[in-house]
Amino acid sequence: MSGKTQNIYVCANCDAQFSKWSGRCLECGAWGTLKMETRKQEEIDSRLGGKAREKEVSQAEIINLEKIAENGLSRIKTNISELDRVLGGGIVPGSLVLLAGEPGIGKSTIVAQLADAIGKSHGDVIYLSGEESASQIKARLVRLNCNLEKIKFISETNVEKAIAAISSLAPALVVVDSIQAVYSTEVLAEAGGLNQIRASAVKFLELAKENNIAVILVGHITKDGQIAGPKSLEHIVDTVIYLETETANNYRVLRATKNRFGSVNELGIFEMTGSGFKEVINPGAVFIETSGEKITGSVISCILEGTRPFLVEIQALVTKTVFGYPQRKSSGFDLNRLQVLASVLTKRAKVNLVNQDIILNVVGGFRVNDPGLDLAVCLAITSSLLNQVIDRKTLVLGEVGLGGEVRNVSKLEQRLAEAEKLGFNRALAPDSEIKVKKLELVKIKNLEDMVGQIAQIA
Ligand code: TYD
Ligand code: MG
């Protein structure tokens, strides 16, 4: 078979391989990116783990874990407590962190503040930017009141050159702003493409592990996740954090979706001010309008993220369907769950939603995934349908089953205590033994109970 060759077509954007040429890559959808490559049969065999290599395999080392010295994880505390909370107590030296978010949300701002904090306490920090010039970066750092002495700037898009410079300085932290702007000369594709992003990230991974440097990669994503670049890095990096919010308000939420060195439940809450991000230490009520007017379909509930309770506002708009099937739309809340709850309401509580469109929204751009919100969603829908306002000092909690029964939620006591602290005076909650001091507790056994209460909680 030796000497035989085969033509294959490789996409320059995503590395997918095809046996036939086509104008558009079937994997990533890019146009005109398929290039022909000729491969020898042996090469194809060896790519498939073929026989050619079998003979020369040397044995991998087998390690006895009991004999490995245990030195625990050392962490670099940033002293920005909301950031430390999300990272699980601080950045681990030698780890690779991906910070992703939409353009303009504040990624460069938060990494600048982080660089400053680490620079002050742990030595040199390198800020590598392929996007902004030294004077732009300096202007931001000055505006944020950073100490410039410890932050070294590299303006370079070639990864190999940048890494050579970084290795010579041995910093505590490296910030790469952004991974889309750099390229490795080992890959023949333009910067920002999937191949380049992945190849560059692997280079920084090696840098982090070999030199025990913490590296933060900044990655842009679009709102609908169209540019999947940073997503494809999630398995390469140790920690993935997202910076997110609705653009309309000044609060930003930092959320870890993967963390090899800590929990992924905790949220960090920041407020964007004229001089950078400020931590929000008591974030319980930042996601609701405290001075808001009473409107129909608006209900306040409480979720637990990690160890902290947050109040959230659920809004529903129910209108008669004018054409075709009734629509259900949801932002911030699971659409399937909304459909289930609408059916349960119709069947068990005689709230007729059969020819009604439902639009559901979690105020403040918060994405929630907590069964304890079911009752609040049901009440918001009913409130909008019946045109009955709900008191804004009433907290609504409870999970709803298919029979319309209202079940207990986890950490009910803690959630009620938060509402008490924030000046609420009434709570609709599942039937339980919980004791509260100031709150008037209205126990709800099922959805019919809830509908019966609506007039009293206006
Ligand atoms: P930036 O960090 O550049 O966003 P990203 O790197 O994610 O694209 O900043 C985004 C916005 O934040 C920008 O429009 C200006 C604003 N901003 C402030 O409001 N206060 C500040 O102190 C700074 C530095 C920026
Ligand atoms: Mg930026």
Side-chain angles (χ1 to χ4, degrees), residues 78-80 82-83 86-87 97-120 125-148 150-157 159 162 173-183 191-192 196-197 200-201 204 215-231 233-234 237 239-257 267-280 286 364-365 367:
T78 63
N79 290 328
I80 303 172
E82 293 293 293
L83 191 58
V86 175
L87 289 166
V97 178
L98 172 67
L99 171 68
E102 291 161 33
I105 199 159
K107 298 179 297 299
S108 301
T109 308
I110 201 160
V111 287
Q113 289 183 282
L114 171 67
D116 181 46
I118 302 279
K120 276 182 188 141
V125 174
I126 290 186
Y127 197 111
L128 170 69
S129 178
E131 284 179 1
E132 289 167 302
S133 67
S135 56
Q136 279 172 310
I137 298 285
K138 179 168 174 180
R140 181 183 288 118
L141 292 175
V142 168
R143 178 174 171 181
L144 296 172
N145 259 329
C146 298
N147 181 358
L148 298 181
K150 290 286 184 187
I151 305 178
K152 306 282 184 285
F153 180 66
I154 299 179
S155 171
E156 181 57 72
T157 49
V159 175
L173 174 76
V174 174
V175 172
V176 181
D177 190 5
S178 68
I179 189 70
Q180 271 107 341
V182 295
Y183 71 96
Q196 272 298 0
I197 289 181
S200 309
F204 286 110
V215 179
I216 297 189
L217 307 177
V218 172
H220 300 291
I221 51 166
T222 54
K223 199 154 206 165
D224 48 4
Q226 267 295 316
I227 300 171
K231 269 247 169 282
L233 294 183
E234 291 191 347
V237 302
T239 303
V240 180
I241 43 186
Y242 280 91
L243 189 60
E244 53 190 28
T245 188
E246 288 278 85
T247 38
N249 74 28
N250 278 331
Y251 292 107
R252 302 283 188 273
V253 178
L254 208 54
R255 181 198 299 270
T257 56
L267 293 187
I269 314 288
F270 294 91
E271 186 181 3
M272 180 61 110
T273 68
S275 53
F277 283 115
K278 293 261 177 320
E279 303 163 59
V280 179
V286 299
R367 276 189 291 119

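All of these numbers come straight from a predicted model, not from anything done at the bench. Position 1 is the first residue of the sequence; numbering continues from there. Both ligands and their constituent atoms are indexed starting at 1 by order of listing. Hydrogens, waters and symmetry mates play no part in the numbers below; they use all other heavy atoms, side chains included.
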Closest protein heavy atom to atom 3 (O) of ligand 1, given as residue, atom name and distance to 0.1 Å: Arg140 NH2, 2.9 Å

Minimum-distance protein heavy atom relative to atom 9 (O) of ligand 1: Thr109 OG1, 3.5 Å

Ile110 contact mode with ligand 1 (heavy-atom cut-off under 4.0 Å): neither

Ion pair check, Arg252 and Glu244, cut-off under 4.0 Å: no

Nearest-neighbour protein heavy atom for atom 4 (O) of ligand 1, which is reported as residue plus atom name and distance: Gly106 N, 3.1 Å

Residue part near ligand 1, for Ala112, under 4.0 Å between non-hydrogen atoms: neither

Donor-acceptor side-chain pairing of Asp177 and Ser108 below 3.5 angstrom: yes

Minimum-distance protein heavy atom relative to atom 20 (N) of ligand 1: Thr273 O, 2.8 Å

Residue that, paired with His220, satisfies side-chain hydrogen bond (donor to acceptor under 3.5 Å, both in side chains) out of Glu131, Gln180, Glu102: Glu131

Mode of Met272 contact toward ligand 1 - side chain, backbone, both, neither (heavy atoms, under 4.0 Å): side chain

Backbone of Tyr251 reached by a side-chain donor or acceptor of Glu271 within 3.5 Å: no

Nearest protein heavy atom with distance in Å, relative to atom 11 (C) of ligand 1: Gly104 O, 3.6 Å

Check: Phe277 main-chain N/O paired with Gln113 side-chain donor or acceptor under 3.5 Å: yes

Side-chain donor/acceptor of Arg143 to backbone N/O of Gly276, under 3.5 Å: no

Leu99 side chain reached by Leu217 side chain, heavy atoms, under 4.5 Å: no

N, O or S from Thr109 under 2.8 Å to the Mg ion (ligand 2): no

Protein contact to atom 6 (O) of ligand 1 [nearest heavy atom, distance to 0.1 Å]: Ser108 OG, 2.6 Å

Nitrogen or oxygen atoms of His220 and ligand 1 under 3.5 Å apart: no

For atom 22 (O) of ligand 1, closest protein heavy-atom neighbour: Gly276 N, 2.6 Å

4.5 Å side-chain heavy-atom contact, Val174 and Ile216: no

Per-residue contact class, Pro103 against ligand 1 - non-hydrogen pairs under 4.0 Å: backbone

Atom 13 (C) of ligand 1 protein-contacted, heavy-atom criterion under 4.0 angstrom: no

Under 4.0 Å to a heavy atom of Ser275 - the qualifying atoms of ligand 1, by number: 22 (O)

Side chain to side chain, Arg255 and Val86, heavy atoms closer than 4.5 Å: no

Proximal atoms of ligand 1 relative to Leu144 (non-hydrogen, under 4.0 Å): 22 (O), 24 (C)

Lys278, NZ: over 12 other non-hydrogen atoms inside 6.0 angstrom: yes

